[in-house]
K.L.:
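Okay, here's the structure, questions in a sec.
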There are 2 protein chains.
Amino acid sequence: MTKQLKISEAVVRRLPIYLRYLNELSLSEVQTVSSQDLGEKLDLNPAQIRKDLAYFGDFGRKGVGYNVSYLIEKIRQILKLDRPLHVALVGTGNLGRALCNYNTYLKDNMKIIAVFDADPSKVGLVINHLTVQPTSELKRTVAERDISVGIITVPAAEAQNVADQFIGAGIRGILNFAPTVLRAPGHVRIHQTDFTADLLSLAYYLNSEDEEMARGTDG
Amino acid sequence: MTKQLKISEAVVRRLPIYLRYLNELSLSEVQTVSSQDLGEKLDLNPAQIRKDLAYFGDFGRKGVGYNVSYLIEKIRQILKLDRPLHVALVGTGNLGRALCNYNTYLKDNMKIIAVFDADPSKVGLVINHLTVQPTSELKRTVAERDISVGIITVPAAEAQNVADQFIGAGIRGILNFAPTVLRAPGHVRIHQTDFTADLLSLAYYLNSEDEEMARGTDG
DNA sequence: TAGATTGTTAATCGATTAACAATC
DNA sequence: TAGATTGTTAATCGATTAACAATC
């Protein structure tokens with residue numbers, strides 16, 4: 001029986017992680033997996049995994065565990081990856097090109113099907129079978145090709161402008177790689193990927209051997 | 001007076017965000033900023049910002065706000081970005097190349113100074129003034145050039161192997177872009193950048209116009 | 001002095017984990 | 001039946017937010 005409470009973001013963000021490992025298991029022809037197994041592999045608490053999944057239904061069998069292919073099917077339904085999802089990307093710098101080539105990765109019905117750049121010298125280039133279009137065509141293409149997600153890989157200064165174009169074109173979600181906070185109306189979901197922040201915050205945790213010794217002595 | 005409680009990860013992850021905007025303000029020659037201003041710009045609660053900063057010291061002035069350049073200096077000290085920090089990257093695919101070119105971005109004393117690839121056909125290529133070295137040279141280079149952070153941009157199947165080499169070479173922190181959970185001893189800090197998960201989890205939140213109307217009618 | 005804004009405490013909210021009855 | 005493992009409740013832990021005295 002599927003419950004419909006409000007699901008926390010933390011839970012939703014773990015679902016793709018589960019899905020990824022389940023797909024691996026499926027390839028290895030593993031039939032069944034326990035929350036214990038999943039927890040060890042993904043470095044998560046088994047109780048948390050059971051709780052996460054139980055928000056959406058009773059997918060497991062007591063004493064047995066979870067059927068791998070059934071759970072894959074269910075998580076794909078929850079994430080709405082059981083239907084095709086069209087993505088557009090703006091900004092064909094190194095990062096944008098990298099993401100276009102990641103398309104193979106996203107076999108989960110999610111596919112970049114259009115690529116844009118404001119720079120005329122980039123227009124017409126072919127990246128992984130996609131021809132770069134001028135950003136001026138964004139609105140029309142999004143409507144015509146039923147694109148619901150936009151990826152932004154332009155410089156920070158242009159990101160809000162591109163976001164506004166996406167929003168005006170009726171996009172539903174944006175994945176932003178530019179290091180800037182985007183404004184969007186409530187019905188447009190924004191996910192931020194901020195690896196500069198990931199990298200800089202890493203510095204905080206770097207202890208030299210010396211410091212570790214010092215701590216050992218002190219405390 | 002600097003307090004030394006245990007600082008939560010959530011707090012540390014916001015510091016680079018503050019730093020980024022403060023640097024912008026500094027460029028615009030803004031002298032002073034309030035938690036109110038910061039909160040509006042960064043879409044965060046002002047009380048949270050004040051609390052975050054207060055963990056590390058009394059950086060503000062009541063009735064006035066925070067001095068921009070003083071706060072920049074302090075946050076850089078906290079994040080240990082007041083000293084040079086050498087980074088190595090393994091995997092010169094599209095993403096790896098993209099990150100090498102982001103070097104300009106990371107003016108904060110953090111710099112990619114060595115690049116490796118296991119593929120002999122990549123060795124010797126020059127990416128943003130860096131010559132690609134064979135991965136076999138990783139350990140020696142890390143030691144010789146005082147490299148403390150490793151970035152992994154290889155396929156998932158090879159990521160743990162590369163991580164182990166970094167760890168064996170005495171690295172202190174790893175930023176992993178491969179979609180796999182890495183194992184590491186406690187003294188090595190792992191940050192995971194998982195934009196595939198960011199993208200897939202986005203799908204969960206995409207409501208079509210129709211669904212929104214339905215919800216409007218139902219509830 | 002009056003207005004603004006910090007630093008901090010207390011209240012709230014949310015997420016994780018432990019424990020265990022149910023049951024395969 | 002005995003062993004394993006789920007789903008779920010209760011307990012814990014942690015993070016965010018509101019409120020306000022202190023003070024510039």
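Note: hydrogens, waters and symmetry copies are ignored here, and every other heavy atom, side chains too, is used. Letters A, B, ... mirror the listed sequences (proteins, then strands); counts begin at 1.
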K.L.:
Are A/Leu19 and A/Arg76 packed together at the side-chain level, in the sense that at least one heavy-atom pair is separated by less than 4.5 angstrom?
P.N.:
yes
K.L.:
Please produce a list of atom pairs where a protein N or O lies less than 3.5 Å from an N or O of nucleotides 11-16 of chain C.
P.N.:
unit_1 : atom_1 : unit_2  : atom_2 : d
C/dT16 : OP1    : A/Arg14 : NH1    : 3.1
C/dT16 : OP1    : A/Gln48 : NE2    : 3.3
C/dT16 : OP2    : A/Arg14 : NH2    : 3.1
C/dT16 : OP2    : A/Gln48 : NE2    : 3.1
C/dT16 : O5'    : A/Gln48 : NE2    : 3.0

K.L.:
So does A/Gln31 have more than 12 non-hydrogen atoms from other groups sitting under 6.0 Å from CD?
P.N.:
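No.
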K.L.:
In whole angstrom, give the distance that lies between atom CD1 of A/Ile49 and atom P of D/dT6.
P.N.:
9 Å
K.L.:
Could you list, one pair per line, each protein nitrogen or oxygen that sits under 3.5 Å from a nitrogen or oxygen of nucleotides 19-22 of chain C, together with the distance?
P.N.:
unit_1 : atom_1 : unit_2  : atom_2 : d
C/dA19 : N6     : A/Arg50 : NH2    : 3.2

K.L.:
Tell me the interatomic distance from A/Asn67, atom CG, to D/dT5, atom P, rounded to whole angstroms.
P.N.:
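It is 15 Å, rounded to the nearest whole Å.
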K.L.:
Nearest whole angstrom, please: distance from the C1' of D/dA4 to the CZ of A/Arg61.
P.N.:
12 Å
K.L.:
Is the closest side-chain donor-acceptor distance between A/Ser34 and A/Asp37 under 3.5 Å?
P.N.:
yes
K.L.:
Write down the distance between CD (A/Gln36) and C1' (C/dA18), rounded to a whole number of angstrom.
P.N.:
13 Å
K.L.:
If you measure from CD1 on A/Ile7 to CG on A/Asp52, what distance do you get to the nearest 0.5 Å?
P.N.:
9.0 Å
K.L.:
Do you know the tightest heavy-atom contact between A/Arg183 and A/Ile167?
P.N.:
O-CD1, 3.9 Å
K.L.:
Could you walk me through whether A/Asp146 and A/Ser148 pass side-chain hydrogen bond (donor to acceptor under 3.5 Å, both in side chains), step by step?
P.N.:
CA-CA 6 Å; A/Asp146 191 28; A/Ser148 50; over 6 Å; no
K.L.:
Distance check needed: D/dT8 P versus A/Leu53 CG, whole Å only.
P.N.:
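Spelled out: CG on A/Leu53 to P on D/dT8 is 12 Å.
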K.L.:
Respond yes when some side-chain nitrogen or oxygen of A/Ser35 is under 4.0 Å from OP1 or OP2 of D/dT6, and no when none is.
P.N.:
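Result: yes.
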K.L.:
In whole Å, I'd like the distance from the CZ atom of B/Phe56 to the C1' atom of C/dG7.
P.N.:
15 Å
K.L.:
Around A/Glu73, counting heavy atoms of other residues, nucleotides and ligands shown, do more than 12 lie under 6.0 Å from its CD?
P.N.:
yes
K.L.:
Nearest 0.5 angstrom please: A/Asn109 CG to A/Arg83 CZ, how far?
P.N.:
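Output value for this atom pair is 10.0 Å.
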K.L.:
Quick one: on DNA chain D, does B/Val64 or A/Tyr66 contact a more 5' nucleotide (nearest heavy atom)?
P.N.:
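Final value for this comparison: A/Tyr66.
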K.L.:
Given a 3.5 Å cut-off on both pairing distances, which stems involving DNA chain C, each at least three consecutive Watson-Crick or G-U pairs, are present, if any?
P.N.:
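In DNA chain C, stems of three or more pairs: C:3-24 with D:3-24.
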K.L.:
Output, in order, the C-alpha distance, side-chain angles, deciding distance and verdict of side-chain contact (heavy atoms from CB on, under 4.5 Å) for A/Lys80 and A/Leu85.
P.N.:
CA-CA 9 Å; A/Lys80 300 184 201 147; A/Leu85 209 160; 5.7 Å; no
K.L.:
State, with a plain yes or no, whether a side-chain heavy atom of B/Val12 is found less than 4.5 Å away from one of B/Leu79.
P.N.:
yes
K.L.:
Taking CG from B/Asp37 and P from C/dA4, how many angstroms apart are they, rounded to a whole number?
P.N.:
13 Å
K.L.:
Do the non-hydrogen side-chain atoms of B/Lys74 and B/Leu22 ever get within less than 4.5 Å of each other?
P.N.:
no
